[in-house]
*Asks:* 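Please find one structure pasted underneath; my questions will follow.
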Protein chains: 2
Amino acid sequence: MKKNVTILDVAKQAGVSKTTVSRYLNGHFGNMSSETKERIRQVIAELNYRPNKQAQALKSKRSYLIGVVVSDISNMYSSLLLKGIGEVLGEAGYQMIIMDAASSLEQEHDLLNKLTDQSVEGIILQASSRDASHYSHLKQANMPLILVDRDVEPSLFPLVTSDNIPSTQKIIEVILQKNYEQVVVVSEPLKDIVTRELRYAAAEELVVAAGRKIKLIEKTPEMDLTEPVVRLAASPLKTALFASNGRMLMELLTILVNEKIRIPEDIGITGFDDWNLSALVGPGITSIEQQSKQIGEEAAKMMLDYIQYGSCPVETKIIPTNIQLRHSL
Amino acid sequence: MKKNVTILDVAKQAGVSKTTVSRYLNGHFGNMSSETKERIRQVIAELNYRPNKQAQALKSKRSYLIGVVVSDISNMYSSLLLKGIGEVLGEAGYQMIIMDAASSLEQEHDLLNKLTDQSVEGIILQASSRDASHYSHLKQANMPLILVDRDVEPSLFPLVTSDNIPSTQKIIEVILQKNYEQVVVVSEPLKDIVTRELRYAAAEELVVAAGRKIKLIEKTPEMDLTEPVVRLAASPLKTALFASNGRMLMELLTILVNEKIRIPEDIGITGFDDWNLSALVGPGITSIEQQSKQIGEEAAKMMLDYIQYGSCPVETKIIPTNIQLRHSL
DNA sequence: ATGAAAGCGCTAACAG
DNA sequence: CTGTTAGCGCTTTCAT
């Protein structure tokens, strides 16, 4: 058994009181004599003492913990987001507790509570619901909350996200210029997530205005896209597929490759790419690359400010995307 | 300001003592009267009381926190690993504190200390060094430590990893059968990580035994692989590239695509694929798919056992890989 | 320039 | 069946 060395051990060994050691630890050298300082320093090194964070947190109400809830951790968007958040928080002496909502709203609710139990000082959330009422209790409890990727309605919280509408518009322009007669947006169900709807609405507006056809396929987990995609490729209308996120893009590409559908001869394809695979597939996939690492960094910075100043304007920070023009349209 | 409701508030409101409430919370109903139970239940619901984990941990020495240190979080291997760990731990009521060593050994050392400070009950580590002495203090401090992916020397800790040697051998067999005259292993520097060396050694042995040529390229961050790859593709010897992990595979594929080098006509390519992109690129890349989610699950299970029984055999658990035979060789 | 003492929110003997 | 009491390891008035 390993008896943990406490502040008292250090105090006794150094021949001072707990108070003095505590002061030393927190840099509250008032007029502490240099000898005392030196002695404490030595003893700490000697005993290999490390203050217990739980006790510190309990007393001082500072945990230096930030909760991060992502909707699916096994997703490149999340990985890079976490990388960005982690770097910024780490430098500031904060730790993150990461939770994976696994795309489940109930689980998310549970996790949010668990984070509060851990006395996190703030939460960065990729929300699983668009309904702000799911999160308003956090506001009431005075818990700093910063949204990433997805907004809620009404907009109660600061948000960091991609420039969804402009980037969708730009790529739709490309599609229209290439004389596609039909655009098929493939997305997970729109109703839960504002971002999805935003992207679809932006596409729809332009396509309709240009007098072309637009279709929406809302993909549920049970659904197999193979048959519809094959049919679209065979359609007499010149068709472009628009994947509304990285997972959809990957799924569509897999089908196209498996079915030996030629890009862009048989069908055009583009979309948001969280996976960074678009350069390598087929003729090179024209796609929208999100800066999710940067989104993470910005969100983390906002959080640090929030904590420092005790409040934060409810504003939206837009991180531009990179449009990669390649040869899939 | 939000005055937090404490166990004392509940106790007063319910007209009992803190002890009784504590007993209720921890399921230590001895012969607690049903009325008392019911009253406490009600008050808790009413006040929306949630026990403070820090205080619980401080007193009970149980934090229900597991530290996880990955060498690079923006990597599919890590993402899936974390997914697996998270699922298993979550079900058991544990939280994970995830840290990203960002491939830096000093940072790793720092993180390990920070985790101990947080009173984690155990650590799951993808080690950045092969040298066990970097981690032996954890053993002395009686901190449960489980290694994933990479072993250390000497083998002091339980390990969950892929079947590196057999899978490398199998794929080298394929290369040899296809009459490649030269195999070029592309890896990050071997010296730090046992797994890398294992993979290279396994390849080398078979290639040499078959009387073919083997070469090793150790890729450092500054190094540009384009020129060597182009030269290899132009070589009169029929050459196969073997990427020792997903990032290397991705990098090599990017070069091949950019330089319009044909696969497998100009050069063969295969390797470990952490990114799940091999099906989509070129003619389909023959590759070794690691089950990193399953590795995470197993490591988490081992950790739970370790914590429960206070010890764990220092044994290695091998998770089989899937060899995907496609058309890149 | 330093200490004594109180207490953060909780658990667990021990006592009835 | 329940309460009293003494801490866990730390920070922070208030003294001196």
Side-chain angles (χ1 to χ4, degrees), chain A residues 1-41 43-44 47-65 114 116-121 141, chain B residues 1-41 43-44 47-65 114 116-121 141:
Chain A
M1 264 314 156
K2 172 71 183 310
K3 60 146 202 282
N4 253 305
V5 357
T6 79
I7 198 172
L8 187 60
D9 300 324
V10 177
K12 284 197 286 204
Q13 186 85 335
V16 295
S17 75
K18 291 193 301 174
T19 315
T20 308
V21 180
S22 173
R23 284 192 183 114
Y24 175 89
L25 290 174
N26 297 288
H28 301 335
F29 327 105
N31 324 347
M32 198 182 302
S33 73
S34 347
E35 304 109 63
T36 310
K37 266 192 275 203
E38 176 54 17
R39 199 142 19 90
I40 295 182
R41 202 193 53 68
V43 174
I44 286 181
L47 300 185
N48 201 356
Y49 166 71
R50 311 212 99 226
N52 177 317
K53 292 284 176 197
Q54 322 263 358
Q56 287 184 321
L58 185 55
K59 185 75 231 196
S60 66
K61 306 289 173 205
R62 308 277 336 243
S63 65
Y64 291 94
L65 252 26
K114 290 200 167 133
T116 336
D117 294 350
Q118 298 286 354
S119 319
V120 295
E121 295 189 29
Chain B
M1 263 311 156
K2 174 72 186 304
K3 60 149 205 283
N4 254 306
V5 355
T6 79
I7 199 172
L8 188 60
D9 300 324
V10 177
K12 282 198 286 205
Q13 186 84 335
V16 295
S17 75
K18 291 194 301 175
T19 316
T20 308
V21 179
S22 173
R23 282 189 185 118
Y24 175 88
L25 290 174
N26 296 288
H28 301 335
F29 327 105
N31 325 344
M32 199 181 302
S33 75
S34 346
E35 303 108 64
T36 310
K37 266 192 277 202
E38 177 54 17
R39 199 143 18 92
I40 296 181
R41 201 192 54 68
V43 175
I44 287 181
L47 300 185
N48 201 356
Y49 165 71
R50 313 212 97 225
N52 177 316
K53 293 283 177 197
Q54 322 261 359
Q56 287 184 322
L58 184 56
K59 183 75 235 199
S60 66
K61 307 288 175 207
R62 306 280 332 249
S63 66
Y64 291 95
L65 251 28
K114 291 200 165 132
T116 337
D117 293 350
Q118 296 286 354
S119 320
V120 296
E121 295 189 30

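In what follows, every chain begins at residue 1, and chains take the letters A, B, ... in the order their sequences are listed. Just so it is clear, the model here is predicted, and its values are computed rather than measured.
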*Asks:* Do T36(A) and T20(A) have side chains that approach each other closer than 4.5 Å (heavy atoms only, starting at C-beta)?
*Replies:*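 When only atoms from C-beta onward are counted, T20(A) and T36(A) do touch, with a gap below 4.5 Å.
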*Asks:* Under 3.5 Å, side chain of Q54(A) to main-chain N/O of Q118(B), donor-acceptor pair present?
*Replies:*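 Here the side-chain-to-backbone pair exists.
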*Asks:* Taking the side chain as everything from C-beta on, heavy atoms only, tell me whether Y64(B) gets closer than 4.5 Å to E121(B).
*Replies:*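 Side-chain contact under 4.5 Å: yes.
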*Asks:* Within this structure, what is the CG-to-P distance between N4(A) and dC8(D), rounded to whole angstrom?
*Replies:*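 These atoms are roughly 12 Å apart.
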*Asks:* Nearest whole angstrom, please: distance from the C1' of dA1(C) to the NZ of K37(A).
*Replies:*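 Result: 11 Å.
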*Asks:* What nucleotide among dC10(D), dT11(C), dT11(D) has an atom nearest to a side-chain atom of N52(A)?
*Replies:*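 Between dC10(D), dT11(C), dT11(D), the one nearest the side chain of N52(A) would be dC10(D).
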*Asks:* Look at the side chain of K59(B) and the base of dG9(C), then say whether one donor and one acceptor between them are separated by less than 3.5 Å.
*Replies:*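 No, no donor-acceptor pair under 3.5 Å.
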*Asks:* Does the side chain of K18(B) get closer than 4.0 angstrom to OP1 or OP2 of dA12(C) through an N or O atom?
*Replies:*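 Result: no.
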*Asks:* Name the pairs: protein N/O against N/O of nucleotides 13-16 of chain D, kept only if under 3.5 Å.
*Replies:*
none

*Asks:* Got V43(A) and V21(A) here, is their nearest side-chain heavy-atom distance under 4.5 Å?
*Replies:*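 V43(A) vs V21(A): side chains apart.
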*Asks:* Counting only side-chain heavy atoms from C-beta out, which of dA1(C), dT11(C), dC10(D) sits nearest to N31(A)?
*Replies:*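 That would be dA1(C).
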*Asks:* Answer yes or no: does a side-chain N or O of N26(B) lie under 4.0 Å from OP1 or OP2 of dT11(C)?
*Replies:*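 It does, given that an N or O in the side chain of N26(B) lies less than 4.0 Å from OP1 or OP2 of dT11(C).
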*Asks:* Decide side-chain contact (heavy atoms from CB on, under 4.5 Å) for L47(B) and Q13(B); before the verdict, give the C-alpha distance in whole Å, the side-chain angles of both, and the deciding distance to 0.1 Å.
*Replies:* CA-CA 9 Å; L47(B) 300 185; Q13(B) 186 84 335; 4.3 Å; yes
*Asks:* Tell me whether S119(A) contacts the main-chain N or O of S63(A) through its side chain, where contact means a donor paired with an acceptor under 3.5 Å.
*Replies:*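 No, because the side chain of S119(A) does not come within donor-acceptor range (under 3.5 Å) of the backbone of S63(A).
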*Asks:* Could you check how far CG of L58(A) sits from P of dC10(D), rounded to whole Å?
*Replies:*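 Spelled out: CG on L58(A) to P on dC10(D) is 12 Å.
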*Asks:* What is the separation between atom CD1 on I7(B) and atom C1' on dT5(D), rounded to the nearest whole Å?
*Replies:*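 Atom-to-atom, I7(B) to dT5(D), this comes out as 15 Å.
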*Asks:* Any side-chain N or O of S22(A) less than 4.0 Å from the OP1 or OP2 oxygen of dT12(D)?
*Replies:*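 No, S22(A) has no side-chain N/O under 4.0 Å of OP1/OP2 on dT12(D).
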*Asks:* Within a strict 4.5 Å, meaning less than it, do heavy atoms of the I44(B) and R41(B) side chains meet?
*Replies:*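 Heavy-atom side-chain distance check fails, nothing below 4.5 Å.
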*Asks:* Distance check needed: dC8(C) C1' versus D9(B) CG, whole Å only.
*Replies:*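 One finds 13 Å between C1' of dC8(C) and CG of D9(B), rounded.
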*Asks:* To the nearest 0.5 Å, what is the distance between NE2 (H28(B)) and OG1 (T19(B))?
*Replies:*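 Interatomic distance, H28(B) NE2 to T19(B) OG1, rounded to 0.5 Å: 12.0 Å.
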*Asks:* By nearest heavy atom, map S17(B) and A55(B) onto DNA chain D; which one lands nearer the 5' end?
*Replies:*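 The residue mapped nearer the 5' terminus is S17(B).
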*Asks:* Respond yes when some side-chain nitrogen or oxygen of T20(B) is under 4.0 Å from OP1 or OP2 of dC1(D), and no when none is.
*Replies:*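 Result: no.
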*Asks:* To the nearest 0.5 Å, what is the distance between CE (M32(B)) and CZ (R39(B))?
*Replies:*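 Result: 11.0 Å between the selected atoms.
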*Asks:* Would you mind classifying the nucleic acid contact of Y49(B) as base, sugar-phosphate or nothing, using non-hydrogen atoms under 4.0 angstrom?
*Replies:*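 Here Y49(B) touches the backbone only, sparing every base.
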*Asks:* Can you tell me if K61(B) touches the phosphate of dT11(C), counting only side-chain N or O atoms and a distance under 4.0 Å to OP1 or OP2?
*Replies:*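 Checking dT11(C) against K61(B), no side-chain N or O comes under 4.0 Å of OP1 or OP2.
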*Asks:* Check whether any side-chain nitrogen or oxygen of Y24(A) sits under 4.0 Å from OP1 or OP2 of dT11(D), and answer yes or no.
*Replies:*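 Looking at the OP1 and OP2 atoms of dT11(D), neither is under 4.0 Å from any side-chain N or O of Y24(A).
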*Asks:* Quick one: bend of the helix from dA1(C)-dT16(D) to dG16(C)-dC1(D) from 5 pairs per end, to 10°?
*Replies:*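 Answer for the end axes of this duplex: 40°.
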*Asks:* Whole angstrom is fine here: how far is it from CD1 in I40(A) over to C1' in dT2(C)?
*Replies:*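 Going from CD1 in I40(A) over to C1' in dT2(C) covers 10 Å.
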*Asks:* Taking only side-chain nitrogens and oxygens of Q56(A), does any of them come within less than 4.0 Å of OP1 or OP2 of dG9(D)?
*Replies:*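 No.
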*Asks:* Is a side-chain donor or acceptor of S22(A) paired with a backbone partner of K18(A) at a separation under 3.5 angstrom?
*Replies:*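 Not confirmed, S22(A) side chain does not pair with K18(A) backbone.
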*Asks:* In whole angstrom, what separates R62(A)'s CZ from dT11(D)'s P?
*Replies:*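 Nearest whole value for this atom pair: 13 Å.
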*Asks:* Grab the CG-C1' distance between L25(A) and dT11(D) for me, whole Å please.
*Replies:*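 Rounding to the nearest Å, CG of L25(A) and C1' of dT11(D) are 10 Å apart.
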